[in-house]
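Every value quoted in this text rests on a predicted model; they were computed, and no experiment measured them.
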Amino acid sequence: MKSRTQVISKHNQVKRMTLIAMLAALGTVLRVFKIIPIPNVQPVTDMIMIATLMLGIGFGISLAMMIMILSNLLLGFGIWTVPQILAYAVCVITVAGLAKITPLKKHFTLQLILATFLGFEYGFVVSLGMSIYGGWAAFLAYWLSGLLFDFYHAIGNFGCYFILYKPLTVAFKHYLQQS
């Protein structure tokens with residue numbers, strides 16, 4: 001017979017998996033069906049950043065991987081898929097690391113600056129990942145040709161953060177209180 005603690009723990013695991021699944025579905029929809037008709041502007045990076053700040057590095061990496069895999073099922077897999085997943089993992093590690101050594105969680109302005117930076121970091125890491133397929137020349141070509149798109153990503157992160165911050169933090173705080 002299971003103890004009360006085991007039942008509660010199993011219930012919390014199911015809630016966590018359900019939350020990841022729901023957010024991954026939302027992130028996939030927002031990535032696939034462009035709600036803002038500007039290239040690379042989508043709220044996925046902000047969702048992942050806020051989730052990481054509120055729920056930790058494991059949740060952030062799980063969410064990022066799920067969104068990238070699900071959305072690439074619809075958009076198509078290619079040589080870019082692994083670098084995309086790795087780029088979001090690096091973004092999550094950056095957020096979690098800075099949250100440990102700075103007062104990031106308490107300062108909205110610092111979060112905005114980081115969200116904006118992540119647009120450039122993501123593009124740089126994806127470009128770095130492409131060097132596996134074509135060496136440093138491929139990295140340089142991919143990175144330089146993508147800087148405008150990284151700029152769009154960064155500005156999109158800045159703008160979307162204002163929209164997503166409050167509803168997601170309130171929802172995550174409620175989730176944490178219920179766990």
Side-chain angles (χ1 to χ4, degrees), residues 19-57 59-72 74-75 80-81 83-130 142-176:
L19 182 59
I20 288 174
M22 288 178 12
L23 289 171
L26 176 62
T28 299
V29 167
L30 292 173
R31 185 164 185 255
V32 172
F33 302 104
K34 297 244 176 235
I35 58 170
I36 302 168
I38 301 170
N40 278 20
V41 174
Q42 57 215 353
V44 171
T45 306
D46 292 335
M47 285 177 55
I48 292 168
M49 178 176 160
I50 296 167
T52 301
L53 284 173
M54 298 292 296
L55 303 172
I57 191 170
F59 192 96
I61 288 177
S62 298
L63 178 60
M65 287 179 63
M66 288 292 293
I67 291 172
M68 297 314 294
I69 291 168
L70 289 173
S71 61
N72 280 343
L74 299 169
L75 296 172
W80 56 84
T81 301
Q84 286 177 331
I85 292 170
L86 292 174
Y88 268 129
V90 169
C91 289
V92 167
I93 291 166
T94 298
V95 171
L98 287 174
K100 284 193 181 290
I101 63 172
T102 68
L104 182 64
K105 289 183 181 182
K106 297 178 183 177
H107 296 282
F108 182 77
T109 304
L110 290 176
Q111 292 175 34
L112 269 177
I113 292 167
L114 180 56
T116 304
F117 168 77
L118 291 178
F120 291 106
E121 180 180 57
Y122 175 85
F124 181 81
V125 175
V126 168
S127 298
L128 196 58
M130 297 306 283
Y142 204 83
W143 180 60
L144 290 174
S145 65
L147 278 176
L148 180 61
F149 295 99
D150 296 345
F151 177 76
Y152 292 153
H153 188 173
I155 295 304
N157 288 352
F158 180 85
C160 290
Y161 207 83
F162 285 99
I163 297 166
L164 292 176
Y165 175 77
K166 191 68 170 178
L168 284 180
T169 55
V170 168
F172 291 149
K173 283 178 184 175
H174 180 74
Y175 166 81
L176 289 168

Q: Test side-chain contact (heavy atoms from CB on, under 4.5 Å) on M22 and L26 and set out the steps.
A: CA-CA 6 Å; M22 288 178 12; L26 176 62; over 6 Å; no
Q: Take F33 and V29 through the test side-chain contact (heavy atoms from CB on, under 4.5 Å) and record every step on the way to the result.
A: CA-CA 6 Å; F33 302 104; V29 167; 4.0 Å; yes
Q. Side chains of F158 and L112: does their closest heavy-atom pair fall under 4.5 Å?
A. yes
Q) Just wondering, do I67 and Y88 contact through their side chains at under 4.5 Å, heavy atoms? A) no
**Q.** Flag for T116-Y161: side-chain donor and acceptor within less than 3.5 Å
**A.** no
Q) Is C91 close to I48 at the side-chain level, that is, under 4.5 Å between some pair of heavy atoms? A) no
**Q.** Aromatic plane relationship, F124 with W143 - under 30° parallel, 30 to 60° tilted, over 60° perpendicular
**A.** perpendicular
Q: Would you mind telling me which of N157, V125, D150 makes a side-chain contact (heavy atoms from CB on, under 4.5 Å) with F120?
A: D150
Q) Do the non-hydrogen side-chain atoms of I69 and I85 ever get within less than 4.5 Å of each other? A) yes
Q | Under 3.5 Å: donor-acceptor pair, side chain of N72, backbone of T81 | A | no
Q: State yes or no: are the ring centers of F108 and F162 separated by less than 6.0 Å?
A: yes
Q.
Check whether Q111 reaches the backbone of K105 with its side chain - one donor and one acceptor, N or O, closer than 3.5 Å.
A. yes
Q) Can H153 and Q42 be said to form a side-chain contact (heavy atoms from CB on, under 4.5 Å), step by step? A) CA-CA 7 Å; H153 188 173; Q42 57 215 353; 5.6 Å; no
Q.
Does any part of the side chain of I155, heavy atoms only, come nearer than 4.5 Å to the side chain of V41, both counted from C-beta?
A. no
Q | For the student: nearest non-hydrogen atoms of L104 and V95, plus distance | A | CD2-O, 3.9 Å
Q: Apply side-chain contact (heavy atoms from CB on, under 4.5 Å) to L19 and L55, showing your working.
A: CA-CA 11 Å; L19 182 59; L55 303 172; 3.8 Å; yes
(Q) Is any side-chain heavy atom of L168 closer than 4.5 Å to one of D46? (A) no
**Q.** CZ (F172) with more than 12 external heavy atoms under 6.0 Å
**A.** yes
Q: Measure the shortest side-chain to side-chain distance between E121 and L118 over non-hydrogen atoms and say whether it is less than 4.5 angstrom.
A: yes
Q. Is it the case that more than 12 heavy atoms not belonging to M54 sit under 6.0 Å from its CE atom?
A. yes
